[in-house]
Amino acid sequence: MKVSQACIGELAGKRIMEHKIINDSGMEVTCLNYGCTITSILVPDRHGKSGNVVLGFDTVDEYQKHSPYFGSVIGRHAGRIKQGMLTIEGKTYRLAQNDLGNHLHGGINGFDKVVWDVSITEGDDSISLRYSHSSEHLEEGYPGRVELTVVYTVTNDNEIILTLEGESDRRTILNMTNHTYFNLSGDLKNSIELHRLTLKSDQFLELDGSLIPTGQAVEVEGTVFDFRKGRVIEDGITSQHPQNLLAGNGYDHPFLLRGSDAAAIVLDDEESGRRLIIETNQPAVVLYSGNLLEDDFRIRGRQSGKYLGLCLETQGIPDAVNHPQFPTTLVDKGERYSSVTKWRFGIID
């Protein structure tokens, strides 16, 4: 395996570094320390031809101007928090309101806009990029000073292991994820409408008009939210189910994962033969089918638009602090928050 690095710019006095890791099978992963952003993943199709399977840009300027969180780490809290209001131990905190009066993906200047410190660790069969950052007390309104670490480990088995960790000096909430948009067709050859997704999930969370969970878990049985035996994304795009229409003709919903984390999520593109298997220690995954992608910019020569990529955001539940029936995203002083997700790329059997 090998890794290379280059300085591609500077922001607020900090160097923006690009790292490229190539494993012994030829898989290439490119990342920036700006937002811990995964800009490119090249993996082979069934004929051995490599193609990029994620959405991203070639310049930092494009990320700053256009990016809907392409490939970046989200924090402190993924998803929306109703009215940006957070109450912990009787004290109310007002978070940044950056989504129609609500708080979204960590606020105006979330972790996706931070230039993280970065170091490299090389092993026999893996290379890791270790990113670190200190988030100050009341940053974007959140209580607590949090020490954060993000590690991306690329292996010779065509895996990327994402480890997101944090520790706060006071009680707070923490719920991080990676917001990569996948398109397994390679180099944006097709949309994701015919991608086939399988989820180990019996329930999804109903959303209100602001796309925030109502607190109601809905059985997937008999709906286009039933991915237990696999279905194409197009089913939800063309569906007249009120929740699909609410999300802008598609999906933007948390699904509750059940049982073991082994192969909890499988995404297939039949035409290219590419497969992505996701394992996680998180209780939920948010499926977003790119319903709201704008068409006023280009992605490496291709016009952006709806359904050009989909996100599988492994995480705790959005707005969990307002729904005590769901797993908490609260962390106590000195408690170690840890989210681990593995992406494994391969070929459909």
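The model shown is predicted, which means the values in this text are computed figures rather than measured ones.
- When hydrophobic clusters are built by joining Ile, Leu, Val, Met, Phe, Trp and Tyr residues whose side-chain heavy atoms come closer than 4.5 Å, directly or via intermediates, Leu293 is not grouped with Leu194.
- For Val114, the side chain to side chain contact (heavy atoms under 4.5 Å, CB included) test picks out Trp116, His133, with sequence neighbours left out.
- For the residue pair Glu219/Gln203, the side-chain donor-acceptor check at 3.5 Å is satisfied.
- Under the 4.5 Å side-chain heavy-atom criterion for Ile, Leu, Val, Met, Phe, Trp and Tyr, Tyr93 and Val321 are members of the same hydrophobic cluster.
- The closest side-chain donor-acceptor pair between Ser128 and Thr153 falls under 3.5 angstrom.
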- When you look at Thr59 and Asp61, which way does the side-chain hydrogen bond (donor to acceptor under 3.5 Å, both in side chains) test go after all the steps? CA-CA 5 Å; Thr59 68; Asp61 183 62; 5.1 Å; no

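- Hydrophobic clustering (ILVMFWY, side-chain heavy atoms < 4.5 Å, transitive): Tyr34 and Ile8 are in one cluster.
- Shortest non-hydrogen contact noted between Leu256 and Ala217 is CD1-CB, 4.4 Å.
- Atom CZ of Arg15 has 12 or fewer neighbouring heavy atoms from other residues, nucleotides or ligands inside a 6.0 Å radius.
- In summary, the side chains of Thr341 and Thr280 do present a donor paired with an acceptor at a separation below 3.5 Å, with no hydrogens or angles considered.
- Ion pair Asp187/Arg300 not flagged as a salt bridge, since none of the NZ, NE, NH1 or NH2 atoms sits closer than 4.0 Å to an Asp/Glu carboxylate oxygen.
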* To do: Take Tyr69 and Tyr181 through the ring-ring contact (aromatic ring centres under 6.0 Å, His included) test and state the conclusion after the steps.
  => CA-CA 9 Å; Tyr69 308 99; Tyr181 288 69; 8.7 Å; no

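- Pro327 and Ile317 get closest at one heavy-atom pair: CD-CD1, 3.8 Å.
- In this structure, Asn23 contributes its side chain and Gly26 its backbone to a donor-acceptor pair below 3.5 Å.
- Using a 4.0 Å cut-off between charged nitrogen and carboxylate oxygen, Lys14 and Asp117 count as a salt-bridge pair.
- Summarising the local packing, CZ of Arg130 is surrounded by 12 or fewer heavy atoms from other residues, nucleotides or ligands at distances under 6.0 Å.
- Minimum heavy-atom separation, Leu162 to Ile38: CD2-CD1, 4.3 Å.
- Phe225 and Tyr251 have their aromatic ring centers within a separation under 6.0 angstrom.
- Here Asp235 pairs with Arg231 in a salt bridge; the nearest charged N to carboxylate O distance falls below 4.0 Å.
- At least one side-chain heavy atom of Phe204 sits less than 4.5 Å from a side-chain heavy atom of Gln243.
- In summary, the side chains of Glu147 and Ser134 do present a donor paired with an acceptor at a separation below 3.5 Å, with no hydrogens or angles considered.
- Distance alone, capped at 3.5 Å, places no donor-acceptor pair between the Asp157 side chain and the Glu159 backbone.
- Leu312 is listed as a side-chain neighbour of Leu287, based on a closest heavy-atom distance under 4.5 Å.
- Side-chain polar atoms of His241 and Thr223 form no donor-acceptor pair below 3.5 angstrom.
- Looking at Glu167, its side chain never comes within 3.5 Å of a backbone N or O of Val146 through a donor-acceptor pair.
- Using a 4.5 Å heavy-atom cutoff, the side chains of Leu211 and Asp208 are not in contact.
- Contact check for His179 versus Asp112: no side-chain heavy atoms found under the 4.5 Å cut-off.
- Looking only at distances, no side-chain donor or acceptor of His105 sits under 3.5 Å from a matching main-chain atom of Gly75.
- The closest side-chain donor-acceptor pair between Ser135 and Arg76 falls under 3.5 angstrom.
- Using a 4.5 Å cut-off on side-chain heavy atoms (C-beta onward), Ile21 and Leu129 make contact.
- For the pair Glu271 and Lys189, the salt-bridge criterion is met [side-chain N within less than 4.0 Å of a carboxylate O].
- Between the side chain of Arg196 and the main chain of Gly230, a donor-acceptor pair closer than 3.5 Å is present.
- The backbone N or O of Met27 lies less than 3.5 Å from no partner atom in the side chain of Ser25, so there is not a single donor-acceptor pair.
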Could you go through Tyr142 and His103, starting from their C-alpha distance and side-chain angles, then the distance that decides it, and tell me whether this counts as ring-ring contact (aromatic ring centres under 6.0 Å, His included)?
CA-CA 11 Å; Tyr142 288 97; His103 180 82; 5.3 Å; yes

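- Hydrophobic clustering, with ILVMFWY side chains joined whenever heavy atoms are under 4.5 angstrom apart, keeps Leu197 apart from Tyr288.
- Here Lys82 does not pair with Asp319 in a salt bridge; the nearest charged N to carboxylate O distance is not below 4.0 Å.
- A donor atom on one side chain and an acceptor atom on the other are found under 3.5 Å apart for Thr37 and Ser72.
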- Message: Between Ile81 and Asn102, is the side chain to side chain contact (heavy atoms under 4.5 Å, CB included) condition met? List the steps.
- Response: CA-CA 6 Å; Ile81 296 177; Asn102 301 303; over 6 Å; no

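- Two different hydrophobic clusters hold Tyr152 and Tyr63 under the rule that ILVMFWY side chains link at heavy-atom gaps under 4.5 Å.
- Within the 4.5 Å cutoff, the side chain of Ser67 has heavy atoms near those of the Phe57 side chain.
- Side-chain N or O atoms of Ser304 include none that pairs as donor or acceptor with a backbone N or O of Ile299 at under 3.5 Å.
- Of all the heavy atoms in Leu310 and Ser289, the pair that sits closest is CB-CA, 4.1 Å.
- One side chain, Asn183 or Ser185, offers a donor N or O that lies under 3.5 Å from an acceptor on the other.
- Other members of a hydrophobic cluster containing Val286 are absent, since no ILVMFWY side chain comes under 4.5 Å of it, directly or through relayed contacts.
- Leu207 and Asp252 get closest at one heavy-atom pair: CD1-O, 3.3 Å.
- Contact check on Arg274 versus Asp269 returns no salt bridge, with no Lys/Arg side-chain nitrogen under 4.0 Å from an Asp/Glu carboxylate oxygen.
- Although no hydrogens or angles enter the test, the distance criterion places a donor-acceptor pair under 3.5 Å between the side chain of Asn291 and the main chain of Ala247.
- A salt bridge between Asp349 and Arg275 is present, with a side-chain N of the basic residue lying under 4.0 Å from a carboxylate O of the acidic one.
- Taking 4.5 Å as the limit, every side-chain heavy atom of Thr198 sits out of range of all side-chain heavy atoms of Ile265.
- To the nearest 0.5 Å, atoms OG1 (Thr149) and CZ (Arg336) are separated by 5.0 Å.
- In this structure a side-chain-to-backbone donor-acceptor pair under 3.5 Å is missing from Arg145 to Glu136.
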Assess whether side-chain hydrogen bond (donor to acceptor under 3.5 Å, both in side chains) is satisfied between Ser191 and Glu193, documenting all intermediate values. CA-CA 6 Å; Ser191 75; Glu193 292 167 78; 2.9 Å; yes

- [ ] Begin with the C-alpha distance, continue with both residues' side-chain angles, and end with the deciding distance and a verdict on side-chain hydrogen bond (donor to acceptor under 3.5 Å, both in side chains) for Thr329 and His77.
- [x] CA-CA 9 Å; Thr329 54; His77 204 283; 2.9 Å; yes

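- Residue-environment remark: NZ (Lys20) stays at or below the threshold of 12 foreign heavy atoms within 6.0 Å.
- Salt bridge annotation for Glu62-Arg298: absent, with no cationic side-chain nitrogen under 4.0 angstrom from a carboxylate oxygen.
- Salt bridge status for Lys2 with Glu28: absent, with no side-chain N to carboxylate O gap under 4.0 Å.
- Taking each heavy atom of Asn158 and Pro44 in turn, the nearest pair found is ND2-CD, 4.5 Å.
- With contacts defined as side-chain heavy-atom distances shorter than 4.5 Å, the pair Lys200/Phe227 does not qualify.
- The pair Asp99-Arg80 meets the salt-bridge criterion, since a charged nitrogen lies less than 4.0 angstrom from a carboxylate oxygen.
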